[in-house]
Amino acid sequence: MNLVLLGAPGAGKGTQAEILKEKLAIPTISTGNILREAVKNGTKLGLEAKEYMESGKLVPDALVISIIKERLAEDDCKNGFILDGFPRTIPQAEALEKSGVVIDRAVEIAVSDDAILARLSGRRVCIKCGAPYHIVSCPPPADNICPKCGGEIITRKDDLPETIKARLEVYHSQTEPIKGFYEERGKLTVVPGEGGIENTSRAILEALGV
Ligand code: AMP
């Protein structure tokens, strides 16, 4: 099953991708996590992406498209994959389609802007494995060491209040039109994303028929 998770930043794509990955036994591919790792390691890609990311803008299409093509060509993707954070623009969705990748379903996790603002300001993330935490709904341990991998749990720079608004604007103008792209192809399912983590994953699994 080749899946795309859609939704605003903070809608819960990362959280649901972690759950789905276990249930479906296919890898999750998060362009955000790949880019953050590159920034952390100071690679050429990381240096190119850093400023865009920290100001809440999208990294240029060409960069992320080549990351995704390389990653999808790896062996572990041959039985399916879950895309978290890609595509994020119509040209990215078109490039994926043109490269011959067939998406079976695009699931949008629908969350209002007000809920997104509350969520992102409390979000924390493991810098090493990308596992998501939240100060209210999924508090990290007091020492901020990730129980899954031993990495440090941090606040992402782009989750600082001044950047959150910019990211929501980018989402509405550049990413939301992708819903129409998948709807036209009969692939879009919208699930409510404000009813808690378990209800959201149940709705997604039901929509997928698993
Ligand atoms: P995320 O973790 O998915 O919220 O991504 C964090 C940041 O990485 C975004 O705000 C963008 O700057 C960048 N990014 C991640 N995925 C993409 C993408 N598909 N296209 C462009 N920029 C991306």
Side-chain angles (χ1 to χ4, degrees), residues 2-18 20-21 27-41 43 45-72 81-99 101 103 106-109 111 113 115-117 119-134 151 153-179 181-182 193:
N2 297 343
L3 276 184
V4 164
L5 290 182
L6 297 174
K13 300 187 296 296
T15 303
Q16 295 301 331
E18 288 288 308
L20 289 171
K21 169 174 121 177
T28 286
I29 298 158
S30 155
T31 39
N33 285 348
I34 295 172
L35 290 166
R36 272 185 291 280
E37 182 72 17
V39 170
K40 193 180 81 185
N41 294 331
T43 63
L45 169 66
L47 292 175
E48 282 185 68
K50 190 170 192 267
E51 268 188 41
Y52 295 100
M53 295 177 74
E54 289 184 355
S55 59
K57 294 191 187 124
L58 293 183
V59 171
D61 286 337
L63 270 186
V64 279
I65 289 167
S66 75
I67 294 174
I68 278 290
K69 281 190 182 165
E70 241 174 65
R71 182 63 187 87
L72 292 182
F81 51 80
I82 304 159
L83 293 182
D84 160 17
F86 185 98
R88 234 171 169 116
T89 62
I90 294 282
Q92 291 179 19
E94 287 171 346
L96 191 64
E97 195 172 68
K98 278 201 197 105
S99 72
V101 172
I103 296 300
V107 178
E108 194 222 347
I109 306 172
V111 178
D113 280 9
I116 291 292
L117 287 168
R119 282 186 189 185
L120 288 184
S121 49
R123 181 158 81 168
R124 304 291 180 267
V125 67
C126 170
I127 200 168
K128 194 163 163 212
C129 72
Y133 297 87
H134 190 279
I153 297 168
I154 56 144
T155 302
R156 285 166 43 171
K157 280 209 176 121
D158 57 352
D159 281 343
L160 296 173
E162 60 274 21
T163 318
I164 294 175
K165 220 172 137 249
R167 292 171 66 206
L168 267 176
E169 278 168 17
V170 166
Y171 170 71
H172 289 304
S173 63
Q174 298 192 56
T175 306
E176 220 171 4
I178 293 178
K179 281 161 64 177
F181 179 93
Y182 287 113

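Both ligands and their constituent atoms are indexed starting at 1 by order of listing. Computed over heavy atoms, backbone and side chain alike; hydrogens, waters and symmetry mates excluded.
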E162 atom CD, over 12 foreign heavy atoms within 6.0 Å: yes

With backbone taken as N, CA, C and O and side chain as the heavy atoms from C-beta onward, which portion of T89 lies under 4.0 Å from ligand 1: side chain, backbone, both, or neither? neither

Applying a heavy-atom cut-off of 4.0 Å, say which part of V64 lies close to ligand 1: side chain, backbone, both or neither. side chain

Does E51, at its CD atom, have more than 12 non-hydrogen atoms belonging to other residues, nucleotides or ligands within less than 6.0 Å? no

Quick check: does Q92 get an N/O under 3.5 Å from an N/O on ligand 1? yes

Out of all atoms in ligand 1, which are within 4.0 Å of some heavy atom of R167? Include the element for each. 4 (O)

Give the residue, atom name and distance (to 0.1 Å) of the protein heavy atom nearest atom 7 (C) of ligand 1. M53 CE, 3.8 Å

K157 atom NZ, neighbour heavy-atom count above 12 within 6.0 Å: no

What about R36: any of its N or O atoms under 3.5 Å from an N or O on ligand 1? yes

Looking at CZ of F86 and CG of L72, how far apart are the two atoms once the value is rounded to the nearest 0.5 Å? 8.0 Å

Provide the number and element of each atom of ligand 1 under 4.0 Å from a heavy atom of T31. 15 (C), 16 (N), 17 (C), 19 (N)

Point-to-point distance, once rounded to the nearest 0.5 Å, from CG of L3 to NZ of K21: 14.0 Å

Separation between CG (L58) and CD (Q174), nearest 0.5 Å, reads 4.5 Å

Any idea which part of R156 is under 4.0 Å from ligand 1, heavy-atom wise: side chain, backbone, both or neither? side chain

Do D61 and T89 have side-chain N/O donor and acceptor atoms under 3.5 Å apart? yes

Would you tell me which option among K50, E54, K13, R88 has the nearest heavy-atom contact to atom 3 (O) of ligand 1? R88

May I ask you to identify the nearest protein heavy atom to atom 12 (O) of ligand 1, giving residue, atom name and distance to one decimal place in Å? K57 O, 2.5 Å

In Å and rounded to the nearest 0.5 Å, what is the CD1 to SG distance from I154 to C126? 8.5 Å

If you measure from atom 10 (O) of ligand 1 to every heavy atom of D158, T163, V39, I34, which option wins on shortest distance? D158

Considering only heavy atoms, does L58 approach ligand 1 within less than 4.0 Å through its side chain, its backbone, both, or neither? both

Is V59 in polar range of ligand 1, meaning some N or O pair under 3.5 Å apart? yes

To which of I65, L35, N33 does the heavy atom nearest atom 23 (C) of ligand 1 belong? L35

Charged N to carboxylate O below 4.0 Å: is that the case for D159 and R124? no

